[in-house]
Amino acid sequence: MQNYVKNYINGIGYDAGDRIPCEIPDCNNESADIHHVIPRSRFGKKRIEERDNYSNLIALCRTHHDAIHCRGGSEALKEQIKNIVNNRKQ
């Protein structure tokens, strides 16, 4: 299991075997991926802990993860994801 996935699971309070839902409101799908809100490539090799911190991660179903990565991506979805992460109780 990737370190960032462990960081997410610990941050959200789940166990490794739990069903993790997509964090997009009103989406009832199970998450398929843990997405980096700020892309991993923007951090470089010296900021791995910051890159993989729970505050930069969100669980997304396949549909939402594909939508965020499609060419151009949805700006509204990107903004929604930032708001979800920023409004979490830390």
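If you read the sequence from its start, that first residue is 1, and numbering goes on from there. Values in this document were obtained by computation on a predicted structure and should not be read as measured data.
We find that Arg88 and Glu23 are joined by a salt bridge, their nearest charged nitrogen and carboxylate oxygen being less than 4.0 Å apart.
Aromatic ring orientation, His69 versus His35: perpendicular (interplanar angle above 60°, classes split at 30° and 60°).
A distance of 10.5 Å separates CG of Asn10 from CG of Asn3, quoted to the nearest 0.5 Å. Note that CG of Leu60 and CG of Leu77 are 7.0 Å apart. Values are rounded to the nearest 0.5 Å. Atom NE2 of His64 sits about 12.5 Å away from atom OG of Ser31, to the nearest 0.5 Å. The distance from atom OH of Tyr4 to atom CD1 of Ile9, rounded to the nearest 0.5 Å, is 11.0 Å. To the nearest 0.5 Å, atom CD1 of residue Ile20 and atom CG of residue Asp15 are 9.5 Å apart. Expressed to the nearest 0.5 Å, how far SG of Cys22 lies from CG of Asn28 amounts to 9.5 Å.
Around atom CZ of Arg19, more than 12 heavy atoms belonging to other residues, nucleotides or ligands sit under 6.0 Å away.
Taking all atoms of both residues into account, the shortest heavy-atom contact from Pro21 to Ala59 is O-CB, 3.8 Å. Among all heavy-atom pairs drawn from Gln80 and Pro25, the shortest one is NE2-CD, 3.6 Å.
Hydrophobic clustering keeps Phe43 apart from Tyr54 (ILVMFWY residues linked when any side-chain heavy atoms are closer than 4.5 Å, directly or through intermediates). Residues Tyr14 and Leu57 share a single hydrophobic cluster, defined by chaining ILVMFWY side chains whose heavy atoms lie under 4.5 Å apart.
With 3.5 Å as the limit, one finds no donor-acceptor pair spanning the side chains of Asn56 and His36.
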For this session: Go through Ile58 and Ile34 one step at a time and tell me if the side chain to side chain contact (heavy atoms under 4.5 Å, CB included) criterion holds.
Result: CA-CA 6 Å; Ile58 188 168; Ile34 304 302; over 6 Å; no
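You'll find the side chain of Ile24 reaches within 4.5 Å of the side chain of Ile84, heavy atoms only.
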